[in-house]
Amino acid sequence: MMHHGEYKVVGGKLVVVDLDTADGVITEVSLNGDFFLEPDDALDDLNDAIRGLPTDASHSTIRTAVIENLREGAVMFGFDEDAVARVVRRALGHATKWEDHEWEILGPEIIPITEQVALDEVLTRQIAKGTRKPTIRFWDWSEGAVVIGSFQSLKNEVDIEQAEKHGIKVVRRISGGGAMFMEAGNCITYSLYAPESLVDGMSFADSYPFLDEWVMEALESIGLKAHYKPLNDIATPAGKIGGAAQKRLANGAMLHHVTMSYDIDAEKMTQVLRIGREKISDKGIASAVKRVDPLKSQTQLERMEIIKVMMDTFAKRTGAKPAQLDAESRQAAQELAASKFATEQWTARVP
């Protein structure tokens, strides 16, 4: 059988492979693309490394074969052994690309914060079961909240007395990462639910810019030149504007979400979050100011205008279609919020 795969390295070059297979083995290989490779003959090393591998070879197996077979002194420019492994896995159908999936977009809908984090678990598990198409969902809410990462200490991150004083609800999400200060309308948050095959063989560090390449395009279209600052910060030349978090389930589904600052009350944030001042200390802010508004001040656009640009860009890049959150999923989220995410047992899971 003949197989064809393509992979565009984020910030790099296009890698293409054409394969023949027989009896579960890769029999012929032609690796090509607009990358650079020195010396020229090293291309034979790459093809030879892949030829003879089983068609179900893992990403790490292919990667190791490439490293071990590449002659001493050879240099790859604009791609690497991971890119080779990824394109081979794509050609064989083990790794997928955006256009392999039928995407849906769930636009902003005002939902309580406890149900927002519950929806992340509900919809990700639906992806794992195959009962939901890959989906991007934009959040909206009407309450003040702090959403802490799965592994953060409640007492170390949040001043509960100040949170109660300001009417800020504290909830814990299923993914790692840092605390999100989320009053109504002060930030833009979206969640992406997809099969893990979309990031097959990718480390978390590599998957963040890959999964958010479309949002960098959206931001650039409204005048922001954004980039990833390892591991999971999104920044512009003016400083950090947001951050990402991710959760990969053992059954093959993935949650990736991002929160970007639109117009945050930094003074209140530093009262509620114990490490608030520490977290903004490297952002060019000498002290707590009245507002931190990178998206608002840098674009001069309303929050919903920016969200619409993001939704339109994602739809253009992936072919995603608008959809509505179904009643069954909403009910499941309400029940999970009541039994888990709204409980002290979960919120104080790490005291």
Side-chain angles (χ1 to χ4, degrees), residues 3 5-10 12 15 17 53-64 66 80-106 117-138 149-151 173-177 189-216 228 230-232 234 243-259 314 317-320 323 329 332-333 336:
H3 306 265
E6 298 183 3
Y7 172 63
K8 171 66 168 61
V9 178
V10 177
V15 185
V17 73
L53 290 176
T55 55
D56 61 354
S58 68
H59 180 97
S60 60
T61 296
I62 300 170
R63 181 183 187 276
T64 299
V66 168
D80 58 15
E81 56 273 9
D82 282 304
V84 174
R86 192 158 299 122
V87 75
V88 170
R89 293 271 294 172
R90 278 189 176 184
L92 295 170
H94 304 307
T96 57
K97 51 188 182 294
W98 293 95
E99 54 267 35
D100 290 334
H101 302 284
E102 189 177 346
W103 291 89
E104 291 186 341
I105 299 177
L106 299 177
V117 291
L119 273 169
D120 273 354
E121 180 169 331
V122 168
L123 301 188
T124 306
R125 294 195 182 283
Q126 289 176 354
I127 293 289
K129 294 177 182 176
T131 58
R132 167 166 295 278
K133 296 175 182 177
T135 301
I136 188 168
R137 181 176 69 89
F138 288 82
S150 179
F151 308 107
R173 61 181 185 268
I174 62 172
S175 61
T189 295
Y190 61 83
S191 295
L192 188 77
Y193 316 98
E196 198 173 348
S197 60
L198 187 65
V199 292
D200 179 79
M202 289 188 188
S203 66
F204 282 91
D206 289 339
S207 69
Y208 283 125
F210 170 76
L211 292 171
D212 288 324
E213 193 173 19
W214 65 273
V215 86
M216 302 305 171
Y228 254 94
L231 171 69
N232 62 334
I234 299 173
Q246 201 174 118
K247 175 73 172 180
R248 300 183 188 182
L249 302 185
N251 47 11
M254 171 193 65
L255 161 68
H256 172 83
H257 58 204
V258 168
T259 293
F314 187 84
R317 288 278 296 252
T318 66
S329 295
L336 187 59

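- Between the OG1 atom of T318 and the CD1 atom of I136 there is a distance of 8.0 Å, given to the nearest 0.5 Å.
- Side-chain contact between L192 and W103: present, with at least one pair of heavy atoms (C-beta onward) separated by less than 4.5 Å.
- Side-chain atoms of L255 and Y193, non-hydrogen and from C-beta on, do get closer than 4.5 Å to each other.
- Contact detail for A333 and A118: the closest heavy-atom pair is O-CB, 3.4 Å.
- The salt bridge (Lys or Arg N to Asp or Glu O under 4.0 Å) contacts involving residues 53-63 comprise R63-E81, R63-D82, where partners must be two or more places apart or lie in separate chains.
- Residues forming a side-chain hydrogen bond (donor to acceptor under 3.5 Å, both in side chains) with Q126 (at least two apart in sequence, or on another chain): R132, S329.
- In this structure, E102 places its CD atom where only 12 or fewer heavy-atom neighbours from other residues, nucleotides or ligands lie under 6.0 Å away.
- S58 pairs by the side chain to side chain contact (heavy atoms under 4.5 Å, CB included) definition with S60, T61, not counting sequence neighbours.
- Using a 30° and 60° split on the angle between ring planes, H256 and Y208 fall in the tilted class, from 30° to 60°.
- Looking only at side-chain heavy atoms (C-beta outward), K97 and Y7 stay at 4.5 Å or farther from each other.
- Remark: D80 pairs with no residue by the salt bridge (charged side-chain N to carboxylate O under 4.0 Å, His left out) rule, at least two apart or across chains.
- Scored by the salt bridge (charged side-chain N to carboxylate O under 4.0 Å, His left out) test, D212 finds no partners at all (sequence neighbours excluded).
- L336 CG to E121 CD: the interatomic distance, rounded to the nearest 0.5 Å, is 5.0 Å.
- With sequence neighbours left out, the side chain to side chain contact (heavy atoms under 4.5 Å, CB included) criterion links E196 to V199, R248.
- Under the rule for a side chain to side chain contact (heavy atoms under 4.5 Å, CB included), the partners of A245 that lie at least two apart in sequence or sit in another chain are R173, S175, H257.
- T124 places a side-chain heavy atom less than 4.5 Å from the side chain of L249.
- Shown here are the side-chain hydrogen bond (donor to acceptor under 3.5 Å, both in side chains) partners of E213, two or more places apart in sequence or in another chain: there are none.
- Closest approach of A320 to I105, counting heavy atoms only: CB-CG1, 3.5 Å.
- Taking the side-chain hydrogen bond (donor to acceptor under 3.5 Å, both in side chains) definition, one finds that S191 meets it with D120, W139, sequence neighbours left out.
- Using a 4.5 Å heavy-atom cutoff, the side chains of P209 and M202 are not in contact.
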Any chance you could lay out the side chain to side chain contact (heavy atoms under 4.5 Å, CB included) test for H101 and K133, step after step, and finish with the verdict? CA-CA 8 Å; H101 302 284; K133 296 175 182 177; over 6 Å; no
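- The line from OG1 of T55 to NE2 of H94 is 5.5 Å long, rounded to the nearest 0.5 Å.
- Counting all heavy atoms, side chain and backbone alike, S197 lies closest to T96 at OG-OG1, 2.9 Å.
- Of the inter-residue distances, the one linking H59 atom NE2 with D200 atom CG reads 7.0 Å to the nearest 0.5 angstrom.
- Residues forming a salt bridge (charged side-chain N to carboxylate O under 4.0 Å, His left out) with D206 (at least two apart in sequence, or on another chain): none.
- Counting all heavy atoms, side chain and backbone alike, I62 lies closest to A85 at CG2-CA, 3.6 Å.
- Residues satisfying the side chain to side chain contact (heavy atoms under 4.5 Å, CB included) test with A128, not counting sequence neighbours, are N251, A253.
- Looking only at side-chain heavy atoms (C-beta outward), Y228 and V10 stay at 4.5 Å or farther from each other.
- Here the NZ atom belonging to K247 is positioned 6.5 Å from the CD1 atom belonging to I174, to the nearest 0.5 angstrom.
- Taking CD1 of I234 as the start and OG1 of T259 as the end, the distance is 9.5 Å to the nearest 0.5 Å.
- In terms of heavy atoms, A244 sits closest to V258 at CB-CG2, 3.7 Å.
- Annotation: side chain of F210 is in contact with side chain of L198 (closest heavy-atom distance under 4.5 Å).
- Legend: residues meeting salt bridge (charged side-chain N to carboxylate O under 4.0 Å, His left out) with R90, ordered by chain and number and at least two apart, are absent.
- Pairing each heavy atom of A91 with each of G5, the nearest pair is CB-N, 3.6 Å.
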